[in-house]
> 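Shown below is the structure under consideration.
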Amino acid sequence: MRRLSSSVCSPSSHRLNPVTSMATGSNSLIWFRKGLRVHDNPALEHASKASSGSMYPVFVIDPRYMEPDPSAFSPGSSRAGVNRIRFLLESLKDLDSGLKKLGSRLLVLRGEPGEVLVRCLREWKVKRLCFEYDTDPYYQALDFKVKEYASSVGVEVFSPVSHTLFNPTDIIQKNGGKAPLSYQSFLKIAGEPSCAESELVMSYSSLPPVGDVGSIGVSEVPKLEELGYREDEQDEWTPFRGGESEALKRLNNSISDKAWVANFEKPKGDPSAFLKPATTVLSPYLKDVKKHTSPPVSLLGQLLWREFFYTTAFGTRNFDKMKGNPICKQIPWKEDHDMLAAWRDGKTGYPWIDAIMVQLLKWGWMHHLTRHSVACFLTRGDLFIHWEQGRDVFERLLIDSDWAINNGNWMWLSCSSFFYQALPTPYVSIVSLLMLHILRRCFSGGGFQYNRIYSPVSFGKKYDPEGKYIRHFLPVLKDMPKQYIYEPWTAPLSVQTKAKCIVGKDYPKPMVMHDAASKECKRKMGEAYALNKKMNGNIGDDDLKDLRRKLETDEESNIRNQRPKLN
DNA sequence: CCAGAGTTGTGCCT
DNA sequence: AGGCACAACTCTGG
């Protein structure tokens with residue numbers, strides 16, 4: 001197998017590579033977090049080289065993510081819906097059986113990961129600590145503490161970059177200390193994504209034995225119930241199973257379907273095709289399993305977008321907030337908990353939007369264009385609610401939720417950040433004419449402008465005029481005739497009665513009228529953009545408050561002026 | 001200053 | 001299905 005690689009992701013560029021002592025007989029610890037895989041795992045490979053010692057494979061169940069929260073809006077913890085937790089447990093189970101086949105096993109511990117790790121290092125006399133480098137702020141802070149302790153007691157730390165193909169630190173350094181703000185400039189700086197020959201570590205004949213665990217409490221991978229969740233908490237579960245084996249199966253299926261690969265064009269996938277999804281549905285697994293074959297350019301392009309978001313996220317202060325985020329437009333979003341809850345719970349009265357939100361709730365996954373649709377609706381398109389609040393809902397419910405990509409996309413979709421583009425000449429020079437043709441088609445078209453708003457009615461209708469997708473996720477509308485299914489409030493009462501779905505009783509009335517709401521949103525975005533320009537990005541809380549007040553006053557008077565005169 | 005470009009808009013025409 | 005008008009932003013490059 002050939003491996004996607006580049007000059008900056010070869011093993012020599014792994015950050016923190018202090019291979020100091022190769023003392024035999026010393027114990028090593030491999031700390032699993034995101035990369036829950038046996039193959040293509042440099043941290044595991046390094047840990048296993050402790051030839052005559054023991055290797056402790058560890059996963060720490062972090063209460064911050066896993067503690068059940070009965071007050072959350074759906075089953076799960078405060079930060080993760082139950083689908084995500086289940087997906088993680090399935091991935092751990094698969095990892096455990098992969099390790100067991102090689103004479104090892106996964107040791108599952110619970111508690112604050114930093115404290116747990118320190119206890120393990122001490123108790124098991126670990127000389128070498130290995131874990132995948134992670135750019136998320138939570139892990140940056142956690143890993144800093146762990147590394148500090150390790151170096152104070154002389155434990156060797158090996159923390160390779162293997163979650164991304166490129167090393168974000170290298171790219172930011174090459175760009176003069178700042179993250180590139182456009183995809184094209186990212187490509188320019190990152191260099192050629194070459195498909196270098198480099199053998200994968202696909203199989204070990206065996207792994208070092210697990211040593212005595214002493215007084216440390218370790219367990220097998222727990223069941224959902226053992227973490228305090230109930231199997232019957234949800235009536236429909238995600239059809240996607242977690243784990244490296246499943247991911248490799250999907251990868252092989254996708255790649256071996258030649259016709260599918262040849263025709264792959266990301267923007268053209270049918271977002272309403274839910275029985276056979278139009279994308280690879282690899283993203284939840286890509287969190288854990290990196291791609292290693294040489295993909296077609298269109299797929300490669302998708303992977304590079306991931307790299308781009310990771311780099312930008314790592315190089316930007318307060319990337320997950322509007323305030324204090326240098327690349328984020330300051331916009332006076334509306335504070336409205338009821339509207340947010342209606343959107344979140346699939347009760348907006350727009351079947352297309354609601355079906356998508358129900359799919360998210362039940363499956364923890366939906367097509368990326370449908371993500372665009374609901375994100376646009378919540379923010380700049382209709383409700384004018386803060387992207388951070390939508391981001392939180394996605395982060396909790398998506399089984400493929402990813403800190404960098406989720407925040408980046410929400411800023412993008414809400415038109416809070418522009419990632420300006422340049423000509424792709426340096427990149428184009430390295431690809432064949434055929435690839436160039438595909439690239440041109442993939443990369444043509446406009447970027448996000450706040451006047452380009454997804455319609456909650458026509459966007460879905462274009463792909464699914466029968467409304468099959470809506471009927472599946474919103475059974476209450478399953479007998480609504482197709483000419484009304486995207487706008488059931490327009491159906492005559494007799495039709496609603498016959499379909500056993502009275503709008504306002506069985507299914508909600510639309511919470512806003514899209515034409516008026518989107519027009520209002522455009523106006524607000526225009527004013528907010530103008531203020532951002534005028535202030536050159538230096539907008540304080542007071543400026544934002546003033547603008548919010550002005551926008552609301554204008555909105556009221558607009559509504560008043562639209563009212564028919566009484567005399 | 002203007003023209004051109006930007007990963008994935010809508011509506012209407014043929 | 002493909003072309004075009006619509007409305008319209010902000011940057012780059014000349």
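This structure is a prediction, so every number in the text was calculated from the model and none was measured. The analysis underlying the following values was restricted to heavy atoms, covering all of them including side chains, and did not include hydrogens, waters or symmetry mates. Quick note on labels: first sequence line is chain A, next is B, and so on, each numbered from 1.
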> Which of these nucleotides, C/dT10, C/dA7, C/dC9, is closest to any side-chain atom of A/Asn451?
C/dA7
> What is the distance from CD of A/Glu520 to P of C/dA7, rounded to the nearest Å?
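Computing the A/Glu520:CD to C/dA7:P distance gives 18 Å.
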> According to ring-ring contact (aromatic ring centres under 6.0 Å, His included), who are the partners of A/Phe73, at least two apart in sequence or on a separate chain?
none
> State which residues pass side-chain contact (heavy atoms from CB on, under 4.5 Å) with A/Asp354; sequence neighbours excluded, sorted by chain then number.
A/Thr348, A/Leu474, A/Tyr507
> What is the distance, rounded to the nearest whole Å, between atom NZ of A/Lys534 and atom P of C/dC9?
17 Å
> In whole angstroms, how far is the C1' atom of C/dA7 from the OH atom of A/Tyr450?
10 Å
> Please table the atom pairs, donor to acceptor, closer than 3.5 Å between any side-chain atom in residues 483-491 of chain A and protein atoms at least two apart or in another chain.
| unit_1 | atom_1 | unit_2 | atom_2 | d |
| --- | --- | --- | --- | --- |
| A/Tyr486 | OH | A/Gly460 | O | 3.3 |
| A/Tyr486 | OH | A/Asp464 | O | 2.6 |
| A/Thr490 | OG1 | A/Glu487 | O | 2.6 |

> Tabulate protein N/O versus nucleotide N/O from nucleotides 2-4 of chain B, keeping only pairs under 3.5 Å, one per line.
none

> Should we say atom NZ of A/Lys178 is surrounded by more than 12 heavy atoms from elsewhere, each under 6.0 Å from it?
no
> Looking at residues at least two apart in the chain, or sitting in another chain, which of them share a salt bridge (charged side-chain N to carboxylate O under 4.0 Å, His left out) with A/Asp541?
A/Lys323
> With a 4.0 Å cut-off on N to O distance, would you call A/Lys524 and A/Glu527 a salt bridge?
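Looking at A/Glu527 together with A/Lys524, the answer is no, because their closest N to O distance does not fall below 4.0 Å.
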> Charged N to carboxylate O under 4.0 angstrom, A/Glu335 versus A/Arg548?
no
> Using whole Å, what does the distance between atom P of nucleotide C/dT10 and atom CG of A/Leu531 come to?
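From A/Leu531 CG to C/dT10 P: 12 Å.
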> Taking NE2 from A/His372 and P from B/dG9, how many angstroms apart are they, rounded to a whole number?
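Those two atoms, NE2 and P, are 9 Å apart.
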> Among C/dC9, B/dG9, C/dT10, find the nucleotide with the atom closest to the side chain of A/Gln449.
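For A/Gln449, the side-chain atoms sit closest to C/dC9.
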> For C/dA7 versus B/dG6, give the span between their P atoms, rounded off to a whole number of Å.
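Going atom to atom, P in each nucleotide, I get 23 Å.
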> When Watson-Crick pairs (N1 to N3 and N6-O4 or O6-N4) and G-U wobble pairs (N1-O2 and O6-N3) count only below 3.5 Å on both distances, what is the dot-bracket string of DNA chain B, with | for other-strand pairs?
||||||..||||||
> Can you name the residues that form a ring-ring contact (aromatic ring centres under 6.0 Å, His included) with A/Phe274, not counting sequence neighbours?
A/Tyr469, A/His472, A/Phe473
> Would you kindly give the CZ-to-P distance between A/Phe308 and B/dG6, to the nearest whole Å?
14 Å
> Round to a whole Å and report the spacing from CG of A/Asn536 to C1' of C/dC11.
14 Å
> Could you pull out the protein-nucleic contacts involving nucleotides 10-14 of chain B (nitrogen or oxygen on both sides, under 3.5 Å)?
| unit_1 | atom_1 | unit_2 | atom_2 | d |
| --- | --- | --- | --- | --- |
| B/dT10 | OP1 | A/Ser455 | N | 2.5 |
| B/dG11 | OP2 | A/Ser458 | OG | 2.6 |

> Can you list everything that forms a side-chain contact (heavy atoms from CB on, under 4.5 Å) with A/Pro326? Sequence neighbours excluded, please.
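Counting only residues at least two positions away or on another chain, A/Pro326 forms a side-chain contact (heavy atoms from CB on, under 4.5 Å) with A/Thr316, A/Arg317.
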> Just jot down the salt bridge (charged side-chain N to carboxylate O under 4.0 Å, His left out) partners of A/Lys249, sequence neighbours excluded, or say none.
A/Glu246
> In whole Å, what is the span from the NZ atom of A/Lys533 to the C1' atom of C/dC9?
9 Å
> Listed by chain and number, what are the side-chain contact (heavy atoms from CB on, under 4.5 Å) partners of A/Asp392, not counting sequence neighbours?
none
> By nearest atom, which of the nucleotides C/dT10, B/dG9, B/dG6 is closest to the A/Tyr529 side chain?
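Output: C/dT10.
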> List the residues meeting salt bridge (charged side-chain N to carboxylate O under 4.0 Å, His left out) with A/Arg371, not counting sequence neighbours, and say none if there are none.
A/Asp400
